[in-house]
> 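Sharing a structure below in structure tokens format, with a few things to ask.
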Amino acid sequence: MLQPIYDEILGRNPGEAEFHQATRELLDSLGPVVARHPEYTDAGIIRRICEPERQIIFRVPWVDDAGQVQLNRGFRVEFNSTLGPYKGGLRFHPSVYLGIVKFLGFEQIFKNALTGMPIGGGKGGSDFDPKGRSDAEIMRFCQSFMTELYRHIGEYTDVPAGDIGVGGREIGYLFGQYKRITNRYESGVLTGKGISWGGSLVRTEATGYGTVYFANEILKNAGDSFDGKSVVVSGSGNVAIHAAEKVAALGGRVIACSDSSGYVVDEAGIDLDLLKEVKEVRRERISAYAEARGGSARFVTDGAVWDVPCDIALPCATQNELDEKHAVALVGNGCAVVAEGANMPCTPDAVRVFADAGVTFAPGKAANAGGVATSALEMQQNASRDSWSFAHTEERLEQIMIGIHARCLETADAYGAPGNYAAGANIGGFIKVADAMLALGVI
Ligand code: GLU
């Protein structure tokens, strides 16, 4: 029954492999929903939900430090505004094209719905490569990007934030240019802002912390905990670093992490202060961590970080980074829980290997929702011109993650897939948006 819808998606969106993958993953879960709710089909909900409300593509010209004109392409896909303003990050990475932005925007619809916060789904970015660029070049690029984007966003319309390649520095330059062009101090137009100019405490830590809170709920549900567990985290950016920090706080030991050049194994447990210094201050490759740490750490370029034996795996780097052979290696080494800190890091074949082996798998749209949920808390603080303490904000984040975990399990149970977090997240997120779309009519 859903095959014709998938065929329509393929025909309408040629060459967008990641978008096809993300829609297929959702459609694969919706069989029992369609059977129980003919009203969704009658109102064309699934077909409409797979078509973005608006897609914006624009030229981003800028001048580099050598005085040369550079050219990039900018995107903002405003996917679904049923539950609130479009909400989702901006990614600056050379791999960005429309298919990546659409997959991310699509995931964001259901992730944001699962948080229970009033936010729609969207995503944007550019094929700009920030690697090796000076601060001044980053600023000029961000200013040019915002010179077009500003006309499409607003606190009631579309609220971007960061993603890969976009952190506090970039949000600062983007916000500065928005403020200058519009002559409005509209704090709620972007999230991930600095603390002194409208940001929220915990936003930086939120995606990584949230993923670990989610994994912790999985463990608690099985009468277990992080205490004494060995954990492998992929990536070494914002999500990976803060996931590792929370694992350590809960008594686990993160023994490996990676970047695109290779991975480090540190049996003594990753030294997070050193990792932050290498990646966030010096902005160097991860081999610099092993060099500085000496003794207990080694840098490896063969194979993948998933070859390191662990109890729990947290893929926190990027899409499709963990494939079938990596999943087989993890299963063979006794890994029992996989929670996605990144968006769609596990390929469909890898997810199948986990399911067959009885490994508990938590999909990103549930397990990494803590970042965007805390963005929604930042919007709340901006709207009330207030700022909350770290402890209060973190408590809200933890409660949201506990809520998402419960919703996934309850929904999976109710639709005949007990213990299946992917089905629970897909169905739970979908139904929330679908019911609201029904109420709003054919728009
Ligand atoms: N880029 C993050 C995500 O994938 C956060 C988006 C946001 O805070 O709006 O969910």
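For ligands, and for the atoms within them, numbers begin at 1 and follow the listed sequence.
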> To which protein heavy atom is atom 6 (C) of ligand 1 closest, and what is the distance rounded to 0.1 Å?
Gly89 N, 3.5 Å
> Please verify the inter-ring angle class for His405 with Tyr421; under 30° counts as parallel, over 60° as perpendicular, anything in between as tilted.
tilted
> To the nearest 0.1 Å, how far is atom 9 (O) of ligand 1 from its closest protein heavy atom, and which atom is that?
Lys87 NZ, 2.7 Å
> Can you figure out which of Met379, Lys365, Lys111, Glu378 has its heavy atom closest to atom 3 (C) of ligand 1?
Lys111
> Compute the minimum heavy-atom distance from Lys123 to ligand 1 and say whether it is under 4.0 Å.
yes
> Which atoms of ligand 1 have any heavy atom of Ser375 under 4.0 Å away?
7 (C), 8 (O), 9 (O)
> Using a strict 4.0 Å cut-off to heavy atoms of Ala161, name the atoms of ligand 1 that fall inside it.
7 (C), 8 (O), 9 (O)
> Using modelled atom types only, decide if a donor and an acceptor are shared between the side chain of Lys365 and the backbone of Ala425 within a distance under 3.5 Å.
no
> Should you measure from each heavy atom of Gln108, which atoms of ligand 1 turn up under 4.0 Å away?
3 (C), 4 (O), 6 (C), 10 (O)
> Looking at Ile153, is its backbone amide N or carbonyl O close enough to the side chain of Thr157 to form a donor-acceptor pair, meaning the two atoms are under 3.5 Å apart?
no
> Please work out which of Asp163, Leu190, Thr207 has its closest non-hydrogen atom nearest to atom 1 (N) of ligand 1.
Asp163
> Would you confirm whether His326, through its side chain, and Asp323, through its main-chain N or O, come within 3.5 Å as a donor-acceptor pair?
yes
> Can you say whether the rings of His242 and Tyr209 are parallel (under 30°), tilted (30 to 60°) or perpendicular (over 60°)?
perpendicular
> Do Phe145 and Trp62 have their ring centres less than 6.0 Å from each other?
no
> So, is the end of the Arg24 side chain (NZ or CZ) under 6.0 Å from the ring centre of Tyr6 and within 45° of the ring's axis?
yes
> Any N or O of Gly162 that comes nearer than 3.5 Å to an N or O of ligand 1?
yes
> Would one find more than 12 heavy atoms of other residues, nucleotides or ligands at under 6.0 Å from atom CZ of Arg184?
no
> Which of the atoms in ligand 1, numbered in the order shown and given with their element, are less than 4.0 Å from a heavy-atom of Asn343?
4 (O)
> I'd like to check which ligand 1 atoms, numbered from 1 as shown, lie under 4.0 Å from a non-hydrogen atom of Arg203.
5 (C), 7 (C), 8 (O)
